[in-house]
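What you see below is based on every heavy atom in this structure, not just the backbone, and it leaves out hydrogens, waters and symmetry mates. No experiment lies behind these values; they were computed from the predicted model shown.
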Amino acid sequence: MYQLLIVDDQPDLVDDLAANLPWNTVGIGLVHKAYSAQEALDVVAAHPVDVVITDIRMPGLSGLDLIERIRASWSKIRCILLSGYDDFEYAKRALQHRANDYLLKPAEDAELLEAVARAVGDIEAQWNEIASFRNALQSVKENLPIVRTHLLADLLSGRRIAPPELREKLELLELPFPLESHCCLLLLRLEDHFHMYNGTDLALMEYAVANMAEEIFGDAYRLWHLKDDHEYMVFLLSPKAEPAAPADPRQEEIELKASQLQHYIKLYLKGTASALISRFGRFPDDVPSLYDGSVLAFRQQIGAERELLLSMSDAPMREQPNSLTQLSEPPTIRHLLEAGRWDALEQKLDAVFDELETRFGHSHEHILETYFLVVGAFASSIHKSKRWMADVFGDEFERVAAGAQFHTIQQLREWTGRIARKYRAAMASESQDSRSGIVRQVQEYVHEHLGEASLQSIAERVHLNPSYLSKVYKLETGEGISDFLFRLKMEQAAHKLRATHDKIYEIAASLGYQKTSYFIKVFKEKYGVTPQEYRDARGDAP
C-alpha cells in the first residue's frame with residue numbers, strides 16, 4: 001500500500017479529507033497530514049510518501065513552491081494541486097513542475113480519488129518498468145565488461161558459486177565457458193615503456209593488449225580477462241575443442257601464441273611484457289589454485305626480470321602447503337568487522353577454526369597465518385573507527401604486543417572469541433554514546449530556536465538524514481521529534497499565557513504558528529480549553 005500526504009492551511013479540511021474518504025480503495029494505506037508547506041517538507045523527509053495533495057495558496061511557502069522543492073529532492077513523489085483560483089498562470093507553473101493533476105476547489109470526492117488512483121497507477125507503471133527483466137537485462141548488457149570482470153574476480157578469489165547459478169550467470173554474460181572444461185591462466189605484466197602511462201592512457205594500452213590477445217588466441221580458445229590487484233593482466237583460456245588427452249593439452253601451442261603476443265606488444269605498442277602460463281585444470285573448481293600458484297611463481301621465478309616467458313608445465317611438481325580457504329573466501333573477517341556483522345563474524349571464525357583443525361591440525365605455520373590475519377583484520381577495523389587497540393582489548397592487548405604465543409588451535413580460538421566480544425561491546429558503547437550526543441544536540445537546538453525549529457532544520461543542524469534522525473531520536477527517548485516539538489511549544493505557550501501580557505497572536509507567532517486559528521485549535525486539543533480561556537482561568541497571570 002502507498003502513503004498519501006494532504007497539505008492545506010485549513011486544518012478542518014485536511015482532517016476531513018484524511019478521515020472520510022475511502023483511500024484504501026485506490027491503494028493508499030497510510031494518510032499523513034500537514035497544515036503548512038514547511039510541515040509538509042518535514043513529513044516527506046521523515047516518511048516514504050508516494051503522493052502529495054496540496055493547496056496552492058498558503059502562508060509562507062505556496063503549494064507551487066512546495067512541489068518545486070519536492071521535485072528537487074524526491075523526484076518519484078506524485079503531486080496533485082488544489083486551487084480555488086481558475087488562473088492560467090497557476091496551471092502553467094503546475095505543468096512546469098510536473099504536477100500529476102490540477103483540480104479546482106471544491107473538488108468532488110470522486111475527483112480526488114480518481115486523481116490519486118491515476119498517480120498510484122503512474123508510480124506502479126514506473127517501478128514496474130524500472131524493475132522489469134528487460135530493463136535489467138539491458139543494463140547488464142550495457143555494462144558487460146564490468147560485470148564480467150567482477151565475476152572472474154570472484155572465481156579467482158575462490159568464491160564458491162553453485163553450478164546452476166554459475167551457468168545462469170555465464171549465459172547472461174555471454175561467456176561460453178562450459179563447466180568442467182579444461183582451462184589455464186595466462187598472466188601478463190606490462191613493463192618498460194608502459195610505466196610512462198597512467199589513468200586513461202594506460203587503460204587504452206591495456207585495451208589494445210586485450211584486443212591483440214583476442215586476435216592471437218581467439219581462433220582456438222575462449223578468452224576472459226581482467227586486471228588484478230597485483231597489476232597483472234589475467235587471461236582465462238579454455239580450448240574451444242576439448243582435447244583427447246587429459247594432461248596439459250596444447251601447452252606448446254599456448255606458449256607459441258603467448259610469445260607472439262609479447263612480440264606484437266613490443267612491435268606495435270613499443271613496450272615489453274613478461275608472461276606466465278599456468279598448468280591446465282578444470283573450470284571453475286581449479287581456477288583459484290591455478291591463480292594463486294601463478295601469482296606465487298611469477299613473483300618467485302620471474303621477479304624483477306623483464307620480457308620473460310615462463311610455462312608452469314616446465315616447472316617441477318612439488319607439494320604446496322596451501323593456505324586456509326576460509327581466511328580468503330569472501331566475506332573476509334575484515335569486511336565483517338567493518339560492517340559490524342557480528343553474528344556473521346562468529347560463523348566465519350567458526351568456519352576458519354573448523355578448517356584449521358580439520359586440514360592443518362598439526363601445522364604451527366597455519367596457526368601463525370590465522371593469528372596474523374585475525375590480528376591484522378582487528379587492527380585495521382579498530383584504527384578505522386578512530387580507536388586504539390589497547391583501549392578496546394584491555395588486558396588482552398598484552399598478548400598482541402607480545403606476539404603470537406599460541407601453541408594450540410583451541411588457545412587461539414578462545415582468545416579470538418574474547419577479543420571479538422570486547423570489540424563488539426566497545427562498538428555498542430560508542431554507538432550508544434553517539435546517539436546520546438545526537439539527542440543532546442537536538443534538544444539544545446530546539447530550546448534555543450523553538451519558533452523556527454522543524455525536523456528539516458534540526459537535521460541540517462546535526463548533519464543527519466531527517467528519516468534517520470527521527471528513528472534515532474525515537475529509539476533513544478521514546479518520543480518522536482514532532483511530538484517533542486509540539487509538547488515544548490504547548491508548554492511554552494501555557495507559560496506565556498500565565499506569565500506575560502503577550503497577545504495570543506504574538507504567542508502563536510513566537511512559537512512558529514503562522515495562523516493564529518490553527519494555534520488555538522491545537523492548544524484546545526492539548527488542554528481542553530482555548531488559550532484565552534486558559535489565561536482567564538489562571539489567577540496568577542500578570
Side-chain angles (χ1 to χ4, degrees), residues 1-9 11 14 18 28-55 58-80 97-99 119 123 126-127 340 430-492 511-514 518 522:
M1 299 291 277
Y2 295 90
Q3 297 192 22
L4 170 70
L5 169 61
I6 304 173
V7 190
D8 201 305
D9 61 337
V14 173
I28 300 299
L30 182 62
V31 180
H32 302 279
K33 299 182 289 185
Y35 307 114
S36 69
Q38 185 57 58
E39 189 176 352
L41 289 172
D42 289 345
V43 173
V44 170
H47 302 279
V49 172
D50 300 291
V51 182
V52 172
I53 298 175
T54 179
D55 187 23
M58 293 184 291
L61 291 176
S62 71
L64 291 169
D65 296 326
L66 171 62
I67 68 168
E68 183 176 0
R69 294 200 182 183
I70 287 175
R71 284 283 174 246
S73 301
W74 301 280
S75 60
K76 297 292 188 295
I77 293 178
R78 297 301 191 271
C79 298
I80 299 168
H97 297 310
R98 304 195 306 281
I123 294 170
Q126 182 182 22
W127 282 109
E430 181 182 77
S431 177
Q432 179 68 39
D433 292 343
S434 175
R435 293 199 299 265
S436 299
I438 291 170
V439 169
R440 285 195 299 272
Q441 290 182 65
V442 168
Q443 293 176 344
E444 288 172 3
Y445 175 78
V446 169
H447 281 290
E448 294 173 5
H449 304 87
L450 186 57
E452 62 266 27
S454 65
L455 175 59
Q456 191 67 36
S457 66
I458 297 169
E460 290 173 358
R461 177 61 174 261
V462 300
H463 308 293
L464 289 174
N465 174 275
S467 178
Y468 173 73
L469 174 62
S470 295
K471 292 175 182 176
V472 168
Y473 192 88
K474 183 75 176 283
L475 182 67
E476 286 298 296
T477 66
E479 181 180 38
I481 287 183
S482 297
D483 295 333
F484 171 60
L485 283 171
F486 178 71
R487 176 171 60 80
L488 239 57
K489 287 182 178 183
M490 291 299 99
E491 290 174 358
Q492 185 67 13
L511 296 175
Y513 292 100
Q514 297 173 347
Y518 178 59
V522 296

Please test L41 against Q38 for side-chain contact (heavy atoms from CB on, under 4.5 Å), starting from the C-alpha separation and ending with a verdict. CA-CA 5 Å; L41 289 172; Q38 185 57 58; 4.3 Å; yes
Given side chains that start at C-beta, do those of H32 and Q3 come closer than 4.5 Å, heavy atoms only? yes
Heavy-atom closest pair (Q514 atom, G60 atom, distance to 0.1 Å) is OE1-N, 4.2 Å
Can you tell me how far the CD1 atom of I77 sits from the CG atom of L4, to the nearest 0.5 Å? 11.0 Å
Could you pull out every donor-acceptor pair under 3.5 Å between side chains of residues 477-491 and any protein atom, sequence neighbours left out?
{"residue": "T477", "atom": "OG1", "partner": "Y473", "partner atom": "O", "Å": "2.7"}
{"residue": "T477", "atom": "OG1", "partner": "E479", "partner atom": "N", "Å": "3.1"}
{"residue": "T477", "atom": "OG1", "partner": "E479", "partner atom": "O", "Å": "3.0"}
{"residue": "E479", "atom": "OE1", "partner": "R487", "partner atom": "NH2", "Å": "3.1"}
{"residue": "E479", "atom": "OE2", "partner": "R487", "partner atom": "NE", "Å": "2.9"}
{"residue": "R487", "atom": "NH1", "partner": "E491", "partner atom": "OE2", "Å": "3.3"}
{"residue": "K489", "atom": "NZ", "partner": "L511", "partner atom": "O", "Å": "3.2"}

Which residues pass the salt bridge (charged side-chain N to carboxylate O under 4.0 Å, His left out) test with D50, not counting sequence neighbours? none
Has R69 got a side-chain atom pairing as donor or acceptor with W74's backbone, closer than 3.5 angstrom? no
CD-CD distance between Q443 and E448, expressed to the nearest 0.5 angstrom: 12.0 Å
What heavy-atom pair brings A46 and S467 nearest, and what distance separates the two atoms? O-OG, 3.9 Å
To the nearest 0.5 Å, atom CD1 of I70 lies from atom OG of S75 at 11.5 Å
Given side chains that start at C-beta, do those of V462 and Y445 come closer than 4.5 Å, heavy atoms only? no
Rounded to the nearest 0.5 Å, what separation is found between the OG atom of S36 and the CG atom of D42? 8.0 Å
Carefully, step by step, assess Y35 and V14 under the rule side-chain contact (heavy atoms from CB on, under 4.5 Å). CA-CA 8 Å; Y35 307 114; V14 173; 3.7 Å; yes
Closest approach of L66 and A37, non-hydrogen atoms and distance? CD1-O, 3.7 Å
Which atoms form the tightest heavy-atom contact between R71 and C79, and what is the distance? NH2-N, 3.9 Å
Which donor-acceptor pairs under 3.5 Å do the side chains of residues 452-459 make with protein atoms, sequence neighbours left out?
{"residue": "S454", "atom": "OG", "partner": "S457", "partner atom": "N", "Å": "3.2"}
{"residue": "S454", "atom": "OG", "partner": "S457", "partner atom": "OG", "Å": "3.3"}
{"residue": "S457", "atom": "OG", "partner": "S454", "partner atom": "N", "Å": "2.9"}
{"residue": "S457", "atom": "OG", "partner": "S454", "partner atom": "O", "Å": "3.0"}

Measuring from T54:OG1 to I80:CD1, what's the distance to the nearest 0.5 Å? 11.0 Å
Measure the spacing between CG of L5 and CG of L30 and express it to the nearest 0.5 Å. 10.0 Å
Test side-chain contact (heavy atoms from CB on, under 4.5 Å) applied to Q441 and R461, step by step: CA-CA 8 Å; Q441 290 182 65; R461 177 61 174 261; 5.9 Å; no
